[in-house]
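Note sheet for the following structure.
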Amino acid sequence: MDLTSRLRSIVRPSGQPGAADDTPGRRELTYEPDTGRYEATIDVDRVANVLGGRVVANAFGRALVIDRRYESDRYHGQWRIGDCEVCDGDGLRLLDPALPSPDGIGERTLFIDLETTGLSGGAGMVAFLVGCGWFDMGAFQVRQFLLTSYSAERALLSAVADCLEPTSLLVSYNGKTFDVPVMETRWMFHRMPMPLESVRHFDMLHPARRLWRTRAAADDGEGGCRLSTLERLLCDVTRVGDVPGLEIPARYFRFLRSGDARPLEPVLEHNRIDLVSLAAVTAHAVRLVQEGIDRCRDAADALALGKVFEKAGSLERAMTCFERAADDQGAHVNVRGEAIYRLALRLRRDRRFDAAAVQWRRLLDMKQGRFGRRSALLGPLRQLAVEALAIHHEHRERDYEGARELTLRLLDERDGPDVRVRPERA
DNA sequence: AGTGGTAGCTCCGTGCCAGC
DNA sequence: GCTGGCACGGAGCTACCACT
């Protein structure tokens, strides 16, 4: 039996060799000389019909496009779609101070999310589904580009490039590390122009970590700040029957072998939800920095927002947030402790040494927590506070006896276990 | 599994200030 | 003017993490 026949026998239903097959979209298994792979010759029009898409033609061939529209009055969890629209303004630059200012007006913000054949990287990994989303008259328009065979990749990449044409700002989740490098590798592999080179890119992952890492870690159990965790936490979205990410490449390979597009429908839906959630989470973050402390639910929110403001150089707003978290008697000791610590640092940088000393003293006076348990974070912060206070007493107060007492206390506390300061998690 | 952005750490140079 | 100490910030390094 030759190789083609053997492969054909593998993809046929068991026990029915040579049986007629009416699987939608399915055709013969053929060798693709460009890629060196065996694939079913897939009827693209039929796949488009199964998935509710359409076929677009360009200079490189035919690409499959699936459009879906989420009207503005529809809800994604708690969030109305129309309220998820993000303006490309100061909010985004507070979240990512490195984001350049826009150099044009009235252009499009585009959300992007890929499904790929794996995570291993390199030229062998292919983006088989490119999901794009943008706001249009208050509604969220999603356009997905599906790769129906490896030989159709240039047509797909060209169609995606056309879609990106009017885009001035790209929004992704971990896209700086994953989505954009993958797409650039594919364009480069085919020696095609790279349309994202001049597009500003906002990666929501890093601001999300700054804002919600503590809360997501408490909720997730695995300590992650995944998009799926945030959509549940912030938007109250619960996915029913969602495809796990690990399963996605396998479903695509099955489609390539069989031509049956039906198992891909949940993958398309997964990708669409990712895009809508990305828009909602981004909108949530922008609202938080625009409206400031009043939008914070608790001390942990206020502390995280303070750090975002501080990084963005908005120091007055940062101080307000730290003060709010520091004054919250009901907050977790780690949250309060870190807020007071950051308040003291901020005051010292402003050369307001007396005010800083008040905060160092406040940190020392904090109770360690319920049941007398020592906090792993508060301990090191207190040591830093003792050290700063000792310096203050010696060099500015000229209170040498006070400085000596504090130094002895510091030496005494340092006899305990050496714990590194990592003022992050509550 | 591979990749790359980010936070936090240490080290070191620099500016500022006070004391002599 | 010199010296010493504090405080800050940049460079370089490491560890972590999210994507399918």
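What you see is a predicted model, and the numbers here were worked out from it, not measured in a lab. Every chain is numbered from 1, with letters handed out A, B, ... down the list of sequences.
With sequence neighbours excluded, no residue satisfies ring pair (Phe, Tyr, Trp, His ring centres under 6.0 Å) with A/F322.
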Report the C-alpha distance between A/R93 and A/D90 in whole Å, list the side-chain angles of each, state the deciding distance to 0.1 Å, and finish with yes or no for salt bridge (charged side-chain N to carboxylate O under 4.0 Å, His left out). CA-CA 5 Å; A/R93 274 186 301 286; A/D90 293 339; 3.3 Å; yes

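Nearest to the side-chain atoms of A/L205 among the listed nucleotides C/dA18, C/dT20, B/dT6 stands C/dA18. Ranking B/dT6, C/dA18, C/dT20 by closeness to the A/I248 side chain, first place goes to C/dT20.
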Using distance only, find each side-chain donor-acceptor pair of residues 78-85 of chain A under 3.5 Å and give its atom names and separation, not counting sequence neighbours.
residue	atom	partner	partner atom	Å
A/R80	NH1	A/D83	OD1	3.2

Under 3.5 Å, side-chain donor or acceptor atoms of residues 126-135 of chain A against the rest of the protein: list the pairs with distances, not counting sequence neighbours.
none

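We find that CG of A/L278 is positioned 13 Å from C1' of C/dA18, with the value rounded to whole Å. Atoms CG (A/D179) and C1' (B/dG2) sit 15 Å apart, rounded to a whole Å. In this structure, the CH2 atom of A/W212 is 14 Å from the P atom of C/dA18, given to the nearest Å. We find that CG of A/L275 is positioned 13 Å from P of C/dC19, with the value rounded to whole Å. A/E184 places its CD atom 16 Å from the P atom of B/dT3, with the value rounded to the nearest Å. One interatomic measurement links the two molecules: CG of A/L264 to P of C/dT20, which rounds to 15 Å at whole-angstrom precision. Going from atom CZ of A/R209 over to atom C1' of B/dT6 covers 7 Å, rounded to whole Å. Atom CD of A/E115 and atom P of C/dA18 are 17 Å apart (whole Å).
Residue A/K307 places none of its side-chain N or O atoms closer than 4.0 Å to OP1 or OP2 of B/dA7.
In summary, A/E269 and A/R272 engage in a salt bridge, as defined by a charged side-chain N under 4.0 Å from a carboxylate O.
When heavy atoms are screened at a 4.0 angstrom cut-off, A/L246 is found touching no nucleic acid atom at all. Residue contacts shown for A/D274 are limited to sugar-phosphate atoms, with no base heavy atom under 4.0 Å away. Looking at heavy-atom distances under 4.0 Å, A/D203 makes no contact with the nucleic acid at all.
The list of salt bridge (Lys or Arg N to Asp or Glu O under 4.0 Å) pairs with a residue in residues 155-179 of chain A, not counting sequence neighbours, reads A/D96-A/K176. Residue pairs satisfying the salt bridge (Lys or Arg N to Asp or Glu O under 4.0 Å) criterion with at least one member in residues 297-306 of chain A, sequence neighbours excluded, are listed as follows: A/R215-A/D301.
Residues A/F178 and A/K311 each lie close to DNA chain B; by heavy-atom proximity, the contact nearer the 5' end of the strand is made by A/F178.
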For each nucleotide in nucleotides 7-13 of chain C, reading 5' to 3', give B when a protein heavy atom comes within less than 4.0 Å of its base, S when such contact involves only the sugar-phosphate, and - otherwise. SSS----

